[in-house]
Every structure is written in structure tokens, then in C-alpha cells.
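Just so it is clear, the model here is predicted, and its values are computed rather than measured.
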Amino acid sequence: LLASTIGCARSVQSAGDAPAVQELVTARITNNGWLDVNVYASRSGMRLRLGTVTGQRSEVFRLPRSLVDAPGLTILIDPIGSPQWYQTDLIPVGPGQQIDVVVQQRLAMSHYSVLSR
């Protein structure tokens, strides 16, 4: 009886966690360049640093709810040691979506897409 009660409690907890994960919005940055890059999310002129992605690596960042609730945001890529930078267009995102940004060695060749999970 105790084992079945624990099993039910686990399944209820897992089901309760699923919507929270689905509402999460992330930005996956794939850095195909050699320079490390600082990553920022920007909305209405306010810029928030998400972190750094080392050259030839990928990182996933959670986007704060305050940025996601806005009409749209941009992702700014700032290579360390370079005067160049890359910024996406205004991106409308919603709960459960992921922004995928691919940073190329030549920044002008960088691109992004929005994926639903």
C-alpha cells in the first residue's frame, strides 16, 4: 500500500512539473567562431547579459520571464576582442519556445531561428 502511494505521489509531482518546463523560454547559442562571445538579451533598449559562450561550443540560457512577456526581444552577440557584433531582428517568442542562434566565424553569416519544443 505504501509503495503504491509513493508511486502516485511521484506521478502527480512529475505531471505538475511538466507545464513549468514547457513554459520555459531558452536561447541556444552555437558559437562556430574561434573567439569567445558575450551574449545579451535586449528589450526596449534594456540589455541583460546572459553569459559567455566559448569558441567552438554551445550553451543554453534561460530567458527571464520579464523579457519573454514583452512584445519581442533581440539577442546580441559580442565577440571578445573584436569591434564587430551580431544582433538578431526583433523576435516574438512565447512559452515553450527556444531561440537558436548560430554564430559563424564571419559574423555577417550568423543566423537565428525559433523552435517550439
Side-chain angles (χ1 to χ4, degrees):
L1 181 62
L2 181 60
S4 65
T5 305
I6 292 172
C8 291
R10 283 187 185 156
S11 64
V12 169
Q13 183 179 9
S14 297
D17 291 345
V21 170
Q22 291 174 349
E23 290 180 10
L24 185 66
V25 177
T26 57
R28 182 174 195 266
I29 312 300
T30 302
N31 185 0
N32 291 333
W34 294 107
L35 296 176
D36 298 349
V37 298
N38 286 318
V39 180
Y40 300 90
S42 178
R43 175 184 66 93
S44 302
M46 181 182 74
R47 190 163 68 167
L48 174 68
R49 184 176 184 278
L50 299 177
T52 301
V53 181
T54 306
Q56 304 296 306
R57 303 262 185 212
S58 294
E59 294 288 337
V60 176
F61 301 100
R62 287 185 182 183
L63 296 177
R65 187 77 180 186
S66 60
L67 290 175
V68 175
D69 288 340
L73 62 97
T74 61
I75 301 293
L76 174 72
I77 304 296
D78 185 15
I80 298 171
S82 172
Q84 298 179 339
W85 48 273
Y86 170 76
Q87 186 169 356
T88 66
D89 296 325
L90 193 61
I91 304 170
V93 292
Q97 293 186 318
Q98 176 171 286
I99 301 169
D100 246 358
V101 179
V102 179
V103 181
Q104 300 294 2
Q105 185 68 26
R106 292 189 54 181
L107 284 176
M109 303 290 288
S110 300
H111 57 278
Y112 72 94
S113 58
V114 179
L115 308 170
S116 294
R117 291 181 277 165

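Inter-residue side-chain proximity for Leu76 and Ser42 is flagged as unmet; no heavy-atom pair is nearer than 4.5 Å. Taking 4.5 Å as the limit, every side-chain heavy atom of Leu90 sits out of range of all side-chain heavy atoms of Leu73. At a threshold of 4.5 Å between non-hydrogen side-chain atoms, the residues Ile99 and Leu63 count as touching. Side chains of Val53 and Val103 form no contact here, defined as non-hydrogen atoms less than 4.5 Å apart. Side-chain contact check for Ser58 versus Arg28: some heavy-atom pair is nearer than 4.5 Å. The shortest distance between side-chain heavy atoms of Tyr86 and Val37 does not fall below 4.5 Å. The shortest side-chain heavy-atom distance between Met46 and Leu67 falls under the 4.5 Å cut-off. Using a 4.5 Å cut-off on side-chain heavy atoms (C-beta onward), Ile75 and Tyr112 make no contact.
A donor-acceptor contact shorter than 3.5 Å links the side chain of Gln56 to the backbone of Asn32.
Annotation: Arg106, atom CZ; neighbour count of heavy atoms from other residues, nucleotides and ligands within 6.0 Å does not exceed 12.
Side-chain heavy atoms closer than 4.5 Å link hydrophobic residues (I, L, V, M, F, W, Y) into clusters, and following such links, possibly through other members, connects Ile77 to Phe61. Cluster membership check: Val114 shares its hydrophobic cluster with Val25, using side-chain heavy-atom separations under 4.5 Å among Ile, Leu, Val, Met, Phe, Trp and Tyr.
Among all heavy-atom pairs drawn from Pro64 and Leu50, the shortest one is CD-CD2, 4.5 Å.
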Walk me through whether Ile80 and Asn38 qualify under side chain to side chain contact (heavy atoms under 4.5 Å, CB included). CA-CA 7 Å; Ile80 298 171; Asn38 286 318; 3.7 Å; yes
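How far CG of Asn31 is from CZ of Arg57: 10.5 Å, rounded to the nearest 0.5 Å. Rounded to the nearest 0.5 angstrom, Thr74 OG1 and Ile91 CD1 are separated by 7.0 Å. The line from CZ of Arg65 to CG of Leu24 is 9.5 Å long, rounded to the nearest 0.5 Å. The distance from atom OG1 of Thr52 to atom CG of Asp78, rounded to the nearest 0.5 Å, is 10.0 Å. Leu35 contributes atom CG, which lies 9.5 Å from atom CD of Gln84 (distance to the nearest 0.5 angstrom). Summarising the geometry, atom CD belonging to Glu59 is positioned 9.5 Å from atom CD1 belonging to Ile29; distances are rounded to the nearest 0.5 Å.
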